[in-house]
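Residue numbering restarts at 1 for every chain, and letters A, B, ... go by the order of the sequence lines.
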Amino acid sequence: MSQTLFDKVYWIVQRIPAGRVATYGQIARLLGIPRGARTVGWALHSLPDDVEVPWQRVINAQGHVSTGWGGDESTGQRALLEAEGIVFGQDGRVDLKVYGWAGLELAEWQQLHGTGADVPHLSA
DNA sequence: ATAATGACTGGGG
DNA sequence: ACCCCAGCCATTA
């Protein structure tokens with residue numbers, strides 16, 4: 001299967017803290033493909049059943065859910081995120097400045113774990 | 001190896 | 001603010 005790329009995507013997504021969301025482009029950048037946001041989406045689209053990944057925490061750069069295979073709300077993705085403490089705007093958007101993984105994750109992680117060795121480099 | 005596809009993104013109208 | 005178009009990358013047929 002050689003899903004090295006996919007596996008890496010899953011690895012990163014699995015490390016997104018609950019109550020926090022990441023964008024496809026952000027993950028793509030971690031993979032070394034700043035413009036490969038679509039590839040990340042494809043990876044989650046092909047997400048195997050035997051691998052549990054909080055794909056719900058991965059949204060587009062516009063802070064809007066882009067499951068694409070159905071309704072944004074019908075999917076239940078919104079409900080799952082809200083259950084994690086994420087608040088949606090009136091238009092069904094998420095404030096990336098607040099719930100975005102970057103910016104807070106590293107500082108918070110370091111405070112809780114004392115080190116960010118296990119966290120990928122997300123600065124800036 | 002070539003062509004088409006897709007859960008994206010950014011810029012322009 | 002919303003809608004449309006073109007660019008980018010890996011996987012699949």
Min side-chain heavy-atom separation [X]-[Y] under 4.5 Å:
| X | Y | answer |
| --- | --- | --- |
| Ile12(A) | Leu31(A) | yes |
| Pro54(A) | Val13(A) | yes |
| Trp42(A) | Phe6(A) | yes |
| Lys8(A) | Leu30(A) | no |

Figure out the [atom1]/[atom2] separation between [X] and [N], and round it to whole Å.
| X | N | atom1 | atom2 | result |
| --- | --- | --- | --- | --- |
| Leu31(A) | dA7(B) | CG | P | 18 Å |
| Lys8(A) | dT11(C) | NZ | C1' | 17 Å |
| Leu81(A) | dA7(B) | CG | C1' | 13 Å |
| Gln90(A) | dA1(C) | CD | C1' | 14 Å |
| Tyr10(A) | dT11(C) | OH | P | 10 Å |
| Gln62(A) | dA1(C) | CD | C1' | 12 Å |

Member of Leu96(A), Val40(A), Val58(A) meeting the side-chain contact (heavy atoms from CB on, under 4.5 Å) criterion with Thr23(A):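 Going through Leu96(A), Val40(A), Val58(A) one by one, the side-chain contact (heavy atoms from CB on, under 4.5 Å) with Thr23(A) is satisfied by Leu96(A) alone.
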Set of side chain to side chain contact (heavy atoms under 4.5 Å, CB included) partners for Ile86(A), sequence neighbours left out: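 Per chain and number, Ile86(A) pairs via side chain to side chain contact (heavy atoms under 4.5 Å, CB included) with Val21(A), Leu81(A), Phe88(A), Val94(A), Tyr99(A).
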Side-chain donor/acceptor of Glu84(A) to backbone N/O of Arg20(A), under 3.5 Å: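 The answer is no, because no donor-acceptor pair under 3.5 Å joins these two groups.
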Gln77(A) backbone acceptor or donor facing Gln56(A) side chain under 3.5 Å: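 Side chain of Gln56(A) to backbone of Gln77(A), a donor-acceptor pair under 3.5 Å: no, none is there.
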Nucleotides 5-10 of chain C: protein proximity per nucleotide (B base, S sugar-phosphate only, - neither; heavy atom, under 4.0 Å): --BBBS
Within residues 45-53 of chain A: residues closer than 4.0 Å to DNA chain C (heavy atoms):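 Heavy-atom contacts with DNA chain C come from no residue of residues 45-53 of chain A; none.
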